[in-house]
2 protein chains.
Amino acid sequence: MNIGEAAKKSGLTVKTVRYYDEINLIKPVKNKATNYRQYTDAELAKLQFIGKARRFNFSIKECKELLSLYENQNRSSKEVRNLTLTKISEIDVKLNELENLRTQLSHLVNCCKGNERPECPIIDELSNSDLN
Amino acid sequence: MNIGEAAKKSGLTVKTVRYYDEINLIKPVKNKATNYRQYTDAELAKLQFIGKARRFNFSIKECKELLSLYENQNRSSKEVRNLTLTKISEIDVKLNELENLRTQLSHLVNCCKGNERPECPIIDELSNSDLN
DNA sequence: ATAAACCTTCCAGTAAGGGTAAAGTAAAGG
DNA sequence: CCTTTACTTTACCCTTACTGGAAGGTTTAT
């Protein structure tokens with residue numbers, strides 16, 4: 001199939017699929033006559049696989065790893081599980097950061113009257129020269 | 001003061017401070033003889049302000065807005081508060097996404113034995129062609 | 001005089017594509 | 001058969017917010 005169909009069926013954009021070719025993630029054969037990319041069903045499946053992994057917040061680099069595990073019939077499930085566990089703890093770190101940020105910002109908002117007057121505790125806090 | 005001192009006192013890197021000059025965020029005067037950037041105390045205060053706002057997850061564009069509010073003695077605290085509230089709801093969206101992701105990933109991890117065998121529900125799920 | 005510790009500009013790269021242009025190809029309609 | 005429309009190609013720049021490095025000028029200390 002051509003790139004448009006592969007894109008549609010994988011839920012990716014044509015641009016993205018072409019990009020995955022460019023970075024050697026999924027390289028289709030080219031039709032010699034037209035120079036069009038030709039995707040097989042197996043390649044479509046990989047595109048779908050990547051798309052899903054990306055939605056699970058795996059980076060392209062991690063997608064490459066997952067893809068090679070996917071293609072390797074002799075992999076152990078432990079390897080996949082470890083990659084996923086690492087990803088989960090990365091998410092935990094990010095969750096913590098964001099929660100802290102949220103707490104601090106809502107504290108600032110609660111201190112600010114939000115009226116037409118110029119006094120603003122948020123600006124005051126941002127102007128406070130001590131870091132943090 | 002020279003850029004190194006301004007960077008140190010603001011907790012930013014020299015590279016970053018130079019970048020802020022380049023994008024017209026904080027433009028110091030240049031010493032004609034040496035071509036060195038000269039930062040005043042007021043500019044240092046702005047660098048500190050920006051640094052803090054960035055740590056609060058405000059984008060450079062938002063920092064520009066905050067900075068103009070900071071510099072405007074006639075601003076209303078409402079404007080600053082609204083910008084901050086917007087930022088909080090953006091953080092909420094991100095928190096939600098990450099929590100969903102975490103739930104899904106830990107569900108996958110719980111289904112996976114993580115042993116030496118190749119059967120892996122994580123890979124199976126990623127291979128599942130229906131989106132989500 | 002020379003070394004180190006500053007500073008300068010310029011160029012390239014990051015992640016993961018998006019936007020647009022110019023041009024080739026294919027399929028459908030008249 | 002011709003034209004329009006839809007699809008595809010490559011190539012280039014743009015995004016965010018910097019970071020790294022090279023090659024060179026300046027200042028300070030030894």
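Each chain gets a letter, A, B and so on, in the order the sequences are listed, and its residues count up from 1. All figures in this text were calculated on a predicted structure; none of them were measured in a lab.
Look at A/E90 and A/K87 and you find a salt bridge, because one of the NZ, NE, NH1 or NH2 atoms lies within 4.0 Å of a carboxylate O, short of that distance.
Other residues, nucleotides and ligands contribute at most 12 non-hydrogen atoms within 6.0 Å of the NZ atom of B/K113. No more than 12 heavy atoms of other residues, nucleotides or ligands shown are found within 6.0 angstrom of NZ on A/K94.
Of the two residues contacting DNA chain C, namely A/Y36 and A/T16, the nearest-nucleotide position lying further toward the 5' end is that of A/T16. Along DNA chain C, the nucleotide closest to B/K15 and the one closest to A/A33 are compared, and the more 5′ of them pairs with B/K15.
Atom CD of B/E22 and atom C1' of D/dC18 are 10 Å apart (whole Å). When the P atom of D/dA6 is taken as reference, atom CD1 of A/I3 falls 19 Å away, rounded to whole Å. A straight line from CG of B/L25 to C1' of D/dC18 spans 13 Å, rounded to a whole angstrom. The nearest whole Å value for the distance from the CG atom in A/N31 to the P atom in D/dT9 is 10 Å. Atom pair B/N35:CG and D/dG24:P shows a separation of 17 Å (rounding to whole Å applied). Look at CD1 on B/I26: it is 12 Å from P on D/dC18, rounded to the nearest Å. Residue B/Q38 contributes atom CD, which lies 14 Å from atom P of D/dT26 at whole-angstrom precision. As rounded to whole Å, 11 Å separates atom P of D/dC7 from atom CD of A/E5.
Looking at heavy-atom distances under 4.0 Å, A/R18 makes contact with a base. Note on A/I23: nothing from the nucleic acid sits closer than 4.0 angstrom, heavy atoms only.
Residue B/T34 has its side chain nearest to D/dT27 when only D/dT9, D/dT27, D/dG25 are considered.
Between chain A and DNA chain C, the heavy-atom contact criterion of under 4.0 Å yields a 5' to 3' nucleotide range of C/dA16 to C/dA26.
Contact between the side-chain N/O atoms of A/R37 and the OP1/OP2 oxygens of D/dT9 is found at a separation under 4.0 Å. Residue B/K61 places no side-chain N or O under 4.0 Å from the OP1 or OP2 atom of D/dT15.
Contact between B/F58 and B/L83 at its shortest, heavy atoms only, is CE2-O, 4.2 Å.
A single hydrophobic cluster is seen to contain both B/V14 and B/I60, as judged by linkage of ILVMFWY side chains at heavy-atom distances under 4.5 Å, directly or through other members.
The closest donor-acceptor contact from the side chain of A/K30 to the backbone of A/R37 lies at 3.5 Å or more, if one exists at all.
With A/I50 as the partner, the side-chain contact (heavy atoms from CB on, under 4.5 Å) test is satisfied by one option alone out of A/T16, A/V17, A/I26: A/I26.
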